[in-house]
Amino acid sequence: MRSFTAAEQDEWLWGWDSTPGIVSVWADMSGRALIWRRLIATGELVREETRFRLWALLPSLELLSHLGDGLVHAAPGEEPHGAIAYHHLEGPGRFAYFVSADDGRALESALLAGASARLGRKISRLGELEDEAALYLQPEEQYLVTSGRTYFRDLPFDALRRLQFDLETTGLNPERDAIFLVSVKDSSGLETTLDVAEKGLTGPAAEADLIRRLCALICERDPDVIENHNLHGFDLPFLVTRARIHGVRLTLGRVPHLTVKERAAGRGYRAWGDESDAEPDGERPRAVRYAIPGRELIDTLDAVRRYDFAVRDLPGHGLKAVARHFGLAPADREYVQGDQIYATWTRDPDRVRHYALDDVREVAGLARMLGGAAFALAQMAPRRYERLADAGPATGVLDPLLVRAYLRAGEALPAHAKGDGVEHTGAALYLFAAGVARRIVKADVSSLYPSLMRQYRISPRSDRLGALLALVDRLVEARLAAKARAKTLPPGSSERYTDEALSGAMKILVNSAYGYLGAVGLTRFADVDAANEVTARGRDLLALMCRELAARGVTLLEADTDGVYFAVPTGWDEERERATVAEVAALLPPLVKLEFEGRYAAMLSHQPKNYALLTYDDKLLLRGVAFRSSRSEPYGEAFLRRAVACLLRDDIPGVRAVYVETLDRLRARLIPTEQVAITARLTKTPTIYEASRAQRREMAYEALLAAGRTKWSRGERVRVYRATGGAAALLEDNGEGAPADPRNYDVAYYVRLLRETFAARLERAFTPDDFATLFADPQQPSLFAPPVEAIQPTLTPLLDPRDLV
DNA sequence: TTGTCGCGGGG
DNA sequence: GTGTACGCGACAA
């Protein structure tokens, strides 16, 4: 294997051109690149126009042989003007020829002519070439890869000029509904709203004028970045559609004669399909996103999804829920329900203005809080900022980094790895014991898989340069440095924010290196065997940790992938717990760091990945579908929470009391109807349900029909419950926004549900006899039942750690 | 019950 | 010319 200096490997991660402050790049096939830069010292915006050579990688020169003398050899870096040039790349990789031209259209037509001749039919787009016939990127990415430039060098996040806008519309369908207000905020102090009523115009003319004023305002404020929540899924497609309907040109960018451009995307906006009754035949339309020259379009929904993917603690992904979760919502935040916004506007326009401004303020806060990672990625990878903000880390970031690294090293790139049928094996999951245990410790290995890749030098077979591991090594080191630097800087400062963002971005990349290996068909250097070696090492390591912990006298409860829960003997203090974890950690390979993650007073282990924990400050944590499901009836969830809390506090009579009390309240109908109802989302129209009703009756629709409702729309949410006699019933509103409360629910049914569905989640904590006693019906007393006070929860061993191979 | 597909968001 | 994962709910078999 060739060896590379640290400086060369740094170039793989960061590129090599030090041009600072690039905030946007727009390039086309003609070989023109427009680059907007902010001068670090003054914040002034400058625009540069430059020429670059478009390029592609080919397996051979066959497609260009028809050029004869028109195809010239040129050493790397040489740029023979007017000619199509090539040079050979080293190594066994498929893409061994680098070809380039001043004008990408000339290169493209030469390739198309060659392909047409070879295949004997007209080929008119590069996309029609067979797989792996050529490797080519978007013009902007070609420019960034060969120039070694990246976005945002030396630029703090807060130096970006950012603007947020939010449309308020009469509904969700852009073909039918209209924009009536837009709120706008930017990072230089603007906060304003535009609306249809301002200019004395009405009807279509007023909306068209509103769109023109929005374009003018955005161009005047001239932001580098435009942000909103669901920007690509709602605001942009809505704006584009309304502008088209009114014949208004959307001049939002920094090149006057260029308007909004569509690009294909996996997620984004799909025309039609929301509420149309008859599904159109054939393919669903492709999702599209939009691009604007000179500005980066950032959707905070992408940042929220990326955050929640790692942390998994958000109540939902909507703007309001996320803003509240992060404490970004002001105390006097105005809320208006989505379908009430237009009606509110007609009565109380100021309230809607306030609401819409709160929206853009929250978006600005959210974009800063979560947008740092993509900003930092854009300082490394050769792609536009907006692409890095919505890309997956493996295909969207690591793959482009590797392509740039190989070209920089003059090395041929391999074809996309294809699956060879080898199954991808997963992580280990063990349930050692079920029931109740006390004095719980959680220990885990952070970043287990990348640590194993580094420890055992596991890399893709086709990665001749060892570039993936080199990137992971450098990322791990650079991340430690960035974290350490951040700690020395003032909290909340721009500098600290920038280092924290860098550390976050690096963590994302490091943790995606393993996913990269397993993404067969998606990533260029995927290698299932290497991925399987990582998981196999991971399983061995988890088994080793478990055996060594057990050998030190603790009781193992559950282990999953990279972490383990166990109970320690009576009398151990935290110091002894930590010392035990440290002892086992010392037995592991040096790059694998086992850490003490937390300690808890008690745990109910129910099923794999389903458990309850009681913290030492008496907080109850429920994990897994058995304990928290949006489908559960609220009275049952409430019972379960209270009963589990009693159980973990060792208050068995309390468990019994909660059960008896819930039964009594059900029988006396003291529990509000809303507590026994579940929310259902309607997916069938009345016509469709009518057609299937004979075969199968569904509770939600039966409830609607029983309530005399024959019309409803798809997507509507209704609350339903089982009324006396077992009939499905609809829980309607009481007219004041709260649910009605007829209390005519089927008591016998909900009594049975309490025992068979909810109490059953505590079954593994007791012997069968004790469980029967504890959840016996007080209306059917048994003569032989032992006293509840005598019952002790149990812990049932299921798997001996010594049996782990 | 089990397998497959689609969604999450926006007014 | 794109390409996540995860957990859940709806539907069909």
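Letters A, B, ... mirror the listed sequences (proteins, then strands); counts begin at 1.
Between the C1' atoms of B:dC5 and C:dA5, the separation comes to 16 Å (whole Å). As rounded to the nearest Å, B:dG11 and C:dG7 have P atoms that lie 28 Å from one another. Distance noted for atom C1' between B:dG10 and C:dG3: 24 Å (whole Å).
With hydrogens and angles ignored, the 3.5 Å screen pairs a side-chain donor or acceptor of A:Glu198 with a backbone N or O of A:Asp195. A donor-acceptor distance shorter than 3.5 angstrom exists from the side chain of A:Asn228 to the backbone of A:Phe165, with no hydrogens or angles considered.
Evaluation of the side-chain contact (heavy atoms from CB on, under 4.5 Å) rule for A:Arg351 yields A:Glu334, A:Val336, A:Thr344, A:Asp348 as partners, not counting sequence neighbours. Scored by the side-chain hydrogen bond (donor to acceptor under 3.5 Å, both in side chains) test, A:Arg404 finds no partners at all (sequence neighbours excluded). Under the side-chain hydrogen bond (donor to acceptor under 3.5 Å, both in side chains) criterion, A:Arg306 pairs with no residue at all, not counting sequence neighbours. Residues satisfying the side-chain hydrogen bond (donor to acceptor under 3.5 Å, both in side chains) test with A:Arg324, not counting sequence neighbours, are A:Tyr335.
The listed nucleotides are B:dG9, C:dG1, C:dG3; the one nearest the side chain of A:Thr395 is C:dG3. Taking the side chain of A:Leu172 as heavy atoms from C-beta on, and the options B:dG11, B:dG9, C:dG3, the nearest nucleotide is B:dG11.
Here A:Gly127 lies in heavy-atom contact (under 4.0 Å) with a base. Using a 4.0 Å heavy-atom distance criterion, A:Asp399 is classed as making no nucleic acid contact. Contacts of A:Leu319 with the nucleic acid, taken as non-hydrogen atoms under 4.0 Å apart, involve only primed sugar atoms and P, OP1 or OP2. If you check every strand for non-hydrogen atoms under 4.0 Å, A:Asp166 touches sugar and phosphate atoms only. Heavy atoms of A:Leu167 sit under 4.0 angstrom from primed sugar atoms or phosphate atoms, though from no base atom.
For the pair A:Arg289 CZ and B:dG10 C1', the interatomic distance rounds to 13 Å; values are reported in whole Å. Between the OH atom of A:Tyr701 and the C1' atom of C:dA10 there is a distance of 9 Å, given to the nearest Å. A:Leu297 has its CG atom 18 Å from the P atom of B:dG10, to the nearest Å. Atom pair A:Leu314:CG and C:dC6:P shows a separation of 16 Å (rounding to whole Å applied). In this structure, A:Glu362 places its CD atom 15 Å from C1' of B:dG9, rounding to the nearest Å. Residue A:Met29 contributes atom CE, which lies 13 Å from atom C1' of C:dG1 at whole-angstrom precision. In this structure, CG of A:Leu388 is placed 12 Å from P of C:dG3, rounded to the nearest angstrom. Straight-line distance from the CD atom of A:Glu227 to the C1' atom of B:dG9: 17 Å, rounded to whole Å.
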Sequence neighbours excluded and cut-off under 3.5 Å, please list the side-chain donor-acceptor pairs for residues 506-523 of chain A, or say none.
from: A:Asn511; atom 1: OD1; to: A:Ser447; atom 2: OG; distance (Å): 3.1
from: A:Asn511; atom 1: ND2; to: A:Lys507; atom 2: O; distance (Å): 3.4
from: A:Ser512; atom 1: OG; to: A:Ile508; atom 2: O; distance (Å): 3.2
from: A:Ser512; atom 1: OG; to: A:Leu509; atom 2: O; distance (Å): 2.8
from: A:Tyr514; atom 1: OH; to: A:His424; atom 2: NE2; distance (Å): 3.2
from: A:Tyr516; atom 1: OH; to: A:Asp399; atom 2: OD1; distance (Å): 2.4
from: A:Tyr516; atom 1: OH; to: A:Phe525; atom 2: N; distance (Å): 3.1
from: A:Thr523; atom 1: OG1; to: A:Tyr516; atom 2: O; distance (Å): 2.9
from: A:Thr523; atom 1: OG1; to: A:Ala519; atom 2: O; distance (Å): 3.3

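Using a 4.0 Å cut-off on heavy atoms, the residues of residues 335-349 of chain A that approach DNA chain B are A:Gly338, A:Asp339, A:Ile341, listed by number.
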**OP:** For A:Gln337 and A:Asp339, run side-chain hydrogen bond (donor to acceptor under 3.5 Å, both in side chains): C-alpha distance rounded to whole Å, both residues' side-chain angles, the deciding distance at 0.1 Å, then the answer.
**Re:** CA-CA 6 Å; A:Gln337 206 182 299; A:Asp339 56 7; 3.1 Å; yes
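Proximity of A:Lys320 to the phosphate of B:dG11: a side-chain N or O atom is located under 4.0 Å from OP1 or OP2. In this structure, A:Arg387 reaches the C:dG3 phosphate: one of its side-chain N or O atoms is under 4.0 Å from OP1 or OP2.
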